[in-house]
Q: 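What follows is a structure written as structure tokens; I'll ask about it next.
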Amino acid sequence: MKRYLLYLLSLLLLLSLAACGLQPETVPETTADITTKDITASGTTVADTSEKDTIPSGTAEDITTEDTTPPETAEDITTEDTIPPETTENITTEDTTPPETTEPADTSCPHEYKTTTTEATCTTAGKTVTTCSRCSFSKTEIIPAKGHDTKTTTTEATCTATGKTVTTCSRCSFSQTETIPAKGHDTKTTTTEATCTTTGKTVTTCSRCSFSQTETIPAKGHDTKTTTTEATCTATGKTVTTCSRCSFSQTETIPAKGHDTKTTTTEATCTTAGKTVTTCSRCSFSKTETIPAKGHHYQTTTVKATCETNGSKTTACSRCSSRTVEILPATGHHYSSYTVKVAPTPTVAGILTYTCDVCKGTYDKNIGVLNFDPSLYGSPTRIITSNNPNNCVEFRITDDTLTIQGRIQRDGLTKLWLRCEIPSNLEDEFVSVTSGEFFYTELSLSRVTEETYVSIFTQVNGESNFWSYIWHEISVMPSEDGYVFRLSPVLSHNLSLQRQWVDPSECLSLTISDTIRNLSNEIVGDETDTYRKLYLLNKWVAENIYYDYDYLYGRSDSLSLSALEVYETRRSVCDGYATLLGNLIQAQGIPCIRVSTYSTGSGTIDENNAQTTESNHVHIEAYLAEENRWVIMDPTWDSGNRYENGEYLTENASAKWFDISPDLMAFTHKIIDRPYPFFW
């Protein structure tokens with residue numbers, strides 16, 4: 001079709017030229033002479049062909065073409081046609097005869113042809129030029145442009161991004177891009193309504209992509225209504241706020257107003273109660289409080305009594321007429337100290353001068369002779385174990401009879417066992433006794449021909465064992481005058497020191513701690529008798545303190561010696577026993593001294609150890625003012641307790657060494673020092 005159109009156009013052009021009288025020389029006779037300019041196909045401009053072919057003269061009928069259809073117009077060309085547009089340069093001839101020229105035919109030239117070809121591209125026509133090497137003959141044939149061999153790739157558009165269609169040529173660099181507009185979101189909206197206190201929201205989403213957009217709907221706030229209950233004097237009120245749209249409710253408490261009070265008071269007197277009445281002006285509240293009677297406000301005026309004159313104490317109320325008078329009896333003289341005016345001896349009565357603490361008046365007291373008569377001790381036919389009438393055994397020899405009698409103070413005492421060792425025989429006697437009650441028995445000495453020994457053992461209720469009352473024997477010997485006791489070789493030495501005067505007023509110098517003073521008062525309780533106080537204090541120490549055998553045998557180097565240490569640890573040696581007992585005695589205001597001795601520990605003092613002058617033991621002597629004598633006490637020997645290998649081992653305590661007689665003490669104790677003036 002295109003070629004056909006081109007053919008018609010060429011023919012019309014030739015006819016027009018002929019009509020205008022143009023010569024063939026200047027006007028191309030064939031379509032080969034047509035110059036094509038700016039023919040556009042598929043958007044491509046074909047370049048002008050400047051070279052014009054010279055075609056031999058002839059008519060249009062001499063031109064043979066393959067396509068007899070007329071050429072198409074420019075309007076018929078579309079971008080979807082992948083066939084390159086044809087031009088007049090695309091027309092080829094199938095005539096194999098030598099090409100004609102515009103020159104007159106040289107029939108005399110045997111043409112020798114040479115052909116040169118320029119290939120067509122997608123957008124540019126090519127050509128084939130034929131020339132004769134012998135003459136000037138030349139012929140040009142146009143090779144049409146090939147047109148693009150296209151391929152199209154499409155990128156689809158999204159909701160927010162544009163797409164594109166890209167067309168490219170497989171033979172050249174041709175590329176054409178067409179933009180595909182973005183589709184836009186395909187939206188759906190969901191709404192959550194707001195409440196009074198919570199916000200709502202509108203959520204918009206896209207069905208094609210992940211797009212989501214949320215818009216907040218503000219909370220509506222409460223639509224409130226308020227109801228008020230007024231407060232009273234005693235009850236709180238309230239304000240209740242509620243919402244008409246939701247369950248919101250808020251209560252605010254209105255404090256109670258409290259009473260608007262008025263008070264009326266009736267005053268109390270010394271003996272009559274008053275009252276305070278409080279009422280409220282807003283309600284029926286009324287309260288009455290009793291004001292206790294003041295009671296008398298007494299002021300006391302005292303006239304002190306003297307030692308010999310009564311005094312008075314007048315008590316009167318400052319608010320009323322109440323008044324009492326109390327007579328204060330004369331105090332009597334209070335004598336707490338004395339001086340020795342005449343020191344007593346066994347033959348001279350002593351005189352003490354007492355001074356009243358209050359009026360400073362004095363009087364003299366005759367204390368009699370020294371109540372320590374050596375003649376009472378050291379008798380070869382009489383030995384007593386103690387001066388304590390309730391715990392004493394007396395041994396007396398009359399002719400050939402040994403009398404044993406007395407009282408023994410021991411809890412649960414049931415029996416005595418008297419044993420007398422007679423050569424070739426052993427005489428035993430068992431005597432039933434009761435603690436604290438008098439007993440009496442006799443033993444015959446008629447068969448005694450040499451020194452023998454008498455022992456006393458005691459048995460308590462529930463025990464099968466007997467215990468030595470005197471832990472050493474009483475020695476009995478025949479003599480020219482009958483039978484006598486062997487006495488201790490240190491008895492006379494001890495008696496000489498014990499008969500020396502010691503001023504009791506100088507034997508109260510200890511500083512007593514509150515702990516020890518309270519302990520002393522607890523032990524004696526309500527007891528007022530001095531002798532009983534001494535007995536109770538000695539008994540407590542003997543029962544509650546333990547002899548420290550660990551220290552004695554070198555197993556420990558820790559030793560309690562002060563009164564407070566001994567009380568707290570409950571263990572010591574003889575020094576600690578004596579120190580604690582001395583403090584407890586002086587806490588009762590009873591004079592006492594500390595006496596150092598040499599003690600055998602076991603056995604008796606004989607002629608050899610009687611010569612020693614070294615002390616290894618101490619005991620206590622306390623002054624008994626009622627009897628004007630000193631009481632010997634050895635709580636260490638009365639105690640059976642032991643502290644051994646870190647253990648407290650308890651045994652029964654005795655009272656044998658409380659107020660022991662000089663006779664018995666001399667068998668085991670030699671007095672080394674009975675210090676005076678007193679020192680501790």
Q: Identify the two heavy atoms, one from Gln459 and one from Ser464, that lie closest to each other, and give their separation to 0.1 Å.
A: NE2-O, 3.3 Å
Q: Looking at side-chain heavy atoms only, is the closest gap between Val595 and Thr597 below 4.5 Å?
A: yes
Q: Can you list every pair that meets salt bridge (charged side-chain N to carboxylate O under 4.0 Å, His left out) and has a residue in residues 316-327, with sequence neighbours left out?
A: Lys313-Glu326
Q: Within a radius of less than 6.0 Å around CD of Glu522, do more than 12 heavy atoms belonging to other residues, nucleotides or ligands occur?
A: no
Q: Taking only residues two or more places apart in sequence or in another chain, which ones pass side chain to side chain donor-acceptor pair (under 3.5 Å) with Lys341?
A: Asp364
Q: Answer yes or no: does atom CG of Asp557 have more than 12 heavy-atom neighbours from other residues, nucleotides or ligands under 6.0 Å?
A: no
Q: Is the ring pair Tyr535/Phe658 parallel, tilted or perpendicular, if the boundaries are 30 and 60 degrees?
A: perpendicular
Q: Side chains of Thr315 and Gln299: do they bring a donor and an acceptor to under 3.5 Å?
A: no
Q: Check the pair Tyr549 / Tyr643 against ring pair (Phe, Tyr, Trp, His ring centres under 6.0 Å), numbers first and verdict last.
A: CA-CA 6 Å; Tyr549 281 92; Tyr643 178 77; 9.8 Å; no
Q: By salt bridge (charged side-chain N to carboxylate O under 4.0 Å, His left out), which residues pair with Asp659, not counting sequence neighbours?
A: Arg629
Q: CZ of Phe439: more than 12 outside heavy atoms within 6.0 angstrom?
A: yes
Q: Ring centres of His669 and Trp637 under 6.0 Å apart?
A: yes
Q: Mind checking ring pair (Phe, Tyr, Trp, His ring centres under 6.0 Å) for Phe438 and listing every partner two or more places apart, or none if nothing turns up?
A: none
Q: How about NZ on Lys533, more than 12 heavy atoms from neighbouring residues, nucleotides or ligands closer than 6.0 Å, or not?
A: yes
Q: Please tell me if the side chains of Glu394 and Thr385 come closer than 4.5 Å, counting only heavy atoms from C-beta onward.
A: no
Q: Between His617 and Asp634, do the side chains contain a donor N or O and an acceptor N or O under 3.5 Å apart?
A: yes
Q: One thing to verify: whether Arg642 and Glu647 come together as a salt bridge, which I'm taking to mean a side-chain N less than 4.0 angstrom from a carboxylate O.
A: no
Q: Would you say the side-chain atoms of Asn583 pair up with the backbone N or O of Ala563, donor to acceptor, closer than 3.5 Å?
A: no
Q: Does anything in residues 573-582 form a salt bridge (charged side-chain N to carboxylate O under 4.0 Å, His left out)? List the pairs, not counting sequence neighbours.
A: Asp575-Arg594
Q: Between Ser505 and Asp503, does any side-chain donor sit less than 3.5 Å from a side-chain acceptor?
A: yes
Q: Quiz question: by atom type and distance under 3.5 Å, do the side chains of Glu627 and Asn387 form a donor-acceptor pair?
A: no
Q: Side-chain atoms of residues 476-486: list all donor-acceptor pairs with protein atoms under 3.5 Å, sequence neighbours left out, distances to 0.1 Å.
A:
| from | atom 1 | to | atom 2 | distance (Å) |
| --- | --- | --- | --- | --- |
| Ser479 | OG | Asp481 | N | 3.4 |
| Ser479 | OG | Gly482 | N | 3.4 |
| Ser479 | OG | Gly482 | O | 3.1 |
| Tyr483 | OH | Leu445 | O | 2.9 |
| Tyr483 | OH | Val448 | O | 3.2 |
| Arg486 | NE | Glu451 | OE2 | 2.9 |
| Arg486 | NH2 | Glu451 | OE1 | 3.2 |

Q: Do you know the tightest heavy-atom contact between Cys507 and Ile593?
A: SG-CG2, 3.4 Å
